[in-house]
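One structure is given here, and the rest of the page talks about it.
Just so we're clear, the structure is a prediction, and the values are computed from it rather than from any experiment. By convention in this document, chain letters (A, B, ...) are assigned in the order of the sequence lines, proteins followed by strands, and residues within each chain are numbered from 1.
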Amino acid sequence: EDQVTQSPEALRLQEGESSSLNCSYTVSGLRGLFWYRQDPGKGPEFLFTLYSAGEEKEKERLKATLTKKESFLHITAPKPEDSATYLCAVQEYSGGGADGLTFGKGTHLIIQP
Amino acid sequence: DAGITQSPRHKVTETGTPVTLRCHQTENHRYMYWYRQDPGHGLRLIHYSYGVKDTDKGEVSDGYSVSRSKTEDFLLTLESATSSQTSVYFCAISDRALGNSPLHFGNGTRLTVT
């Protein structure tokens, strides 16, 4: 069973059409949940870190929220330049905290003009 | 970009040959990571380093080794490349233990093993 599941796998929206991406996780003790954006041919670019249920972070048209079982990335009035693959990753409380993140498979978002 | 350079950017090699990928950082960050990214699997951790000469295995470490002799360089070696190691390899860095600081990624090395 995957520890991190993202849905939908792909999403096509019209410019200005708001929506949400989902990231559900099954780790027992969440140290942090991370959102990244990845453009074709590039490495993931950090967007947000969330630490506890109820926390929210915003950046331009993006807002990330966290509950005890899932996180949402809300995209308000998106523009074509928001087209990318959005990755969610978690880290559990284990070891010394250096041992990496567990990533979901991503949501491929396309915003049509 | 967070001062991370991966080299080469693209490489084609034959099965059974050794391959070394390099990650160089200019941020003086303590932690460095190697991930591979494959369709249908997402990013998976291969090895990581928490200081010079301090490394440990990740989820998919079989067939890979790493070395870190300087803070700024983290090398990933495929001792004898196989077709299953065809992938995009990403290096990442962090200045504190995860959960307190995010990972910052390089732009990847696309490796094809024929």
Where on [X] is there a heavy atom nearer than 4.5 Å to chain B: the side chain, the backbone, both, or neither?
| X | answer |
| --- | --- |
| A:Y36 | side chain |
| A:Q38 | side chain |
| A:L30 | neither |

Given the side-chain rings of A:F103 and B:Y35, with only the six-membered ring counted for Trp, is the space between their centroids under 6.0 Å? yes

Is the number of heavy atoms from other residues, nucleotides or ligands within 6.0 Å of NZ (B:K57) greater than 12? no

Would you say the side-chain atoms of B:N107 pair up with the backbone N or O of A:K42, donor to acceptor, closer than 3.5 Å? no

Say whether, by atom type as modelled, one donor and one acceptor occur between the side chain of A:K105 and the main chain of B:G40 under 3.5 angstrom. yes

Checking side chain to side chain contact (heavy atoms under 4.5 Å, CB included) for the pair A:L101/B:L45: CA distance, chi angles, key distance, verdict? CA-CA 8 Å; A:L101 300 176; B:L45 181 65; over 6 Å; no

Not counting sequence neighbours, list each pair that qualifies as a side chain to side chain donor-acceptor pair (under 3.5 Å) and has a residue in residues 3-16 of chain B. B:T13-B:T17

Taking only residues at least two apart or on different chains, which pairs with a member in residues 9-18 of chain A satisfy side chain to side chain donor-acceptor pair (under 3.5 Å)? none

Please find the pair of heavy atoms, one from A:F34 and one from B:P102, that lie closest to each other, and give the distance. CE2-CA, 3.8 Å

Tell me whether [X] shares a hydrophobic cluster with [Y], the cluster being built from Ile, Leu, Val, Met, Phe, Trp, Tyr side chains joined at under 4.5 Å.
| X | Y | value |
| --- | --- | --- |
| B:L103 | A:F46 | yes |
| B:V60 | B:Y89 | yes |
| B:L78 | B:L75 | no |
| A:I75 | A:L13 | yes |

Can you measure from CZ (B:R44) to OG1 (A:T102) and round to the nearest 0.5 angstrom? 12.0 Å

